[in-house]
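Order of listing sets the numbers, starting from 1, for every ligand and every atom in it.
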Amino acid sequence: MTAKPFYVTTAIAYPNGAPHIGHAYEMIATDVIARFKRLEGRDVYFLTGTDEHGMKMAQTAAAMGMPVQELAKRNSDQFRQLAAALNLSNDDFVRTTEPRHHAAAQEIWRRMLANGDIYQDAYEGWYSVRDEAYFDEGELTSGPNGKKFAPSGAEVEWVIEPSYFFRLSAYQQKLIDLYEQHPDFIAPKERRNEIMAFVKGGLKDLSISRTTFDWGIPVPDAPGHVMYVWIDALTNYLTGVGFPDTKDDKFDKYWPADLHVIGKDIIRFHSVYWPAFLLSAGIDVAHRVFAHGFLTVDGQKMSKSLGNVIDPFALIEEFGVDPVRYFFCREVSFGQDGDYARDKLVTRSNADLANNLGNLAQRSLSMINKNCEGRVPEFGSPTDEDTAVLAAADVAIAGCANAMNEQAVHNATAEIISALTAANNYFAGQEPWALKKTDLARMGTVLAVTAEAIRRLAIPMLAFTPESAGKILDSLAVPATDRLLAHAGAANRMTPGTVLPTPQPIFARLERTKAV
Ligand code: ME8
């Protein structure tokens with residue numbers, strides 16, 4: 001393993017409520033990216049967690065009559081359970097209420113202060129608790145009774161308090177230089193253009209401490225001040241690799257982060273504030289921020305009042321984890337908004353997983369089981385069709401890897417599925433069931449080639465549908481040590497004579513209507 005280790009993160013969610021499918025979506029996509037890099041032989045570190053401080057958490061807890069620590073713990077546990085239920089391969093889970101995180105946030109603060117970028121003043125302005133962000137008058141819209149609203153639709157309130165400020169204004173040119181020198185820093189491209197325009201429009205210093213509540217990390221040597229929740233939250237990416245101990249093995253190995261996967265609503269925090277904080281603290285800036293889109297449900301925004309919030313645990317429970325993972329990867333163009341609908345999930349999973357991949361594996365492997373003593377048959381001398389179907393698998397795997405390099409998760413999945421369709425067409429066209437009566441050797445070749453195509457394609461599928469792809473590789477007797485992308489080619493072709501276990505169905509057909 002010589003390639004640079006790969007450090008990838010999700011945003012850390014506010015545990016002011018239970019996780020919804022937007023959170024699940026981000027976790028799935030990031031896990032697919034992490035697993036794919038591991039398949040490429042990279043040493044991967046994958047971090048997720050919960051963002052537990054701030055006014056939003058304090059207000060939710062107060063409204064529920066519950067101590068905020070309790071609310072944070074209860075919901076954070078649910079996010080952790082969701083990670084497990086989605087079969088996430090995360091290496092750590094940071095809670096921002098942990099002492100190790102307090103130490104990291106206080107250290108980055110001290111460094112920014114030492115660099116002359118933090119000063120004390122008074123803050124007067126519009127604050128949106130839901131966004132945990134300040135807004136300029138010009139960004140607001142007015143409603144009835146003099147109410148004002150942030151672009152997200154959340155109401156803002158006028159706040160006056162003593163506050164520490166971060167000299168963000170001093171970072172305008174440095175940020176523009178960063179975007180120009182690293183054109184891939186912000187993805188997708190539209191987001192980069194938006195951020196570039198925002199920064200070129202001028203940056204104001206940022207209020208970074210609050211005195212009106214205490215649910216946050218204390219500002220070092222400043223009694224009464226807690227840190228603005230976004231300084232605290234963004235620093236989790238450092239906490240996860242051992243900061244402030246920069247001699248820590250993990251920090252040394254994995255920092256700077258290779259990829260922060262986040263939603264489009266928090267791109268400004270990640271691509272303007274975060275690099276500015278890091279530059280100020282003298283810490284290397286992360287390589288890339290990728291903003292995915294937002295999910296709707298049946299074409300509508302998810303909201304508690306509409307009663308259309310989908311519980312990801314219920315989806316996993318009903319459909320199984322892999323169909324859920326697969327659906328979001330394949331259905332939503334990564335970087336664009338997407339929609340969840342039960343019907344769409346069922347259709348995708350049945351068409352691509354059950355009918356395409358599952359059926360092909362089941363049909364070819366049962367024939368091997370019944371007609372070839374359960375052993376991989378001889379490949380014989382290949383026809384053009386045999387060569388073409390395996391070549392299509394190889395091309396698809398290369399295409400999949402290219403797409404994954406740009407986080408085009410949907411295209412990566414589509415590559416594999418189209419090669420599986422080609423393998424299905426090959427199988428149907430060769431009619432091994434007819435060859436059984438006329439040419440046993442040729443039947444064996446067709447079954448061997450089909451099984452080999454499945455083997456090659458199941459390896460990249462380990463990133464998207466880890467459990468089922470793993471079962472398929474088990475049914476092909478592929479050892480755990482031979483499941484990297486490097487093994488998905490001709491050099492590791494299945495060995496004729498290898499005994500295969502009795503094939504088991506892998507994907508159930510999902511029901512269009514819910515059983516009552
Ligand atoms: O923003 N569709 O937390 P959060 C897709 N704590 N993604 C969605 C979504 C939807 N409908 N709703 C939310 C926060 N997300 C901060 C992050 S990071 C240092 C701090 C995404 O719980 C959202 O874009 O509001 C974000 O990336 C993640 O879920 C957590 O959102």
> Residues in side chain to side chain donor-acceptor pair (under 3.5 Å) with T96, at least two apart?
Replying inline: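 None.
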> Between D258 and K37, does at least one N-O distance fall below 4.0 Å, as a salt bridge requires?
Replying inline: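 No, no charged N to carboxylate O under 4.0 Å.
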> For D298, which residues count as a side chain to side chain contact (heavy atoms under 4.5 Å, CB included) partner, sequence neighbours excluded?
Replying inline: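 If we apply the side chain to side chain contact (heavy atoms under 4.5 Å, CB included) test to D298, skipping adjacent residues, the hits are A341.
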> Considering residues at least two apart in sequence or located in another chain, which fulfil the side chain to side chain contact (heavy atoms under 4.5 Å, CB included) criterion with F294?
Replying inline: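 For F294 the side chain to side chain contact (heavy atoms under 4.5 Å, CB included) partners, ignoring immediate neighbours, are K264, D265, D337.
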>> Let me confirm one number: the CG-CG distance from L278 to L234, rounded to the nearest 0.5 Å.
In response: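 Atom-to-atom, L278:CG and L234:CG are 8.5 Å apart.
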> Under a 4.0 Å heavy-atom cut-off, what residues line ligand 1?
Replying inline: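 The answer is A11, I12, A13, Y14, H20, G22, H23, E26, D51, W230, A233, L234, N236, Y237, I262, G263, D265, I266, H270, H292, G293, F294, L295, M302, counting any residue whose heavy atom sits under 4.0 Å from ligand 1.
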> Are Y171 and F166 close enough that their ring centres sit under 6.0 Å apart?
Replying inline: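 Yes, ring centres under 6.0 Å apart.
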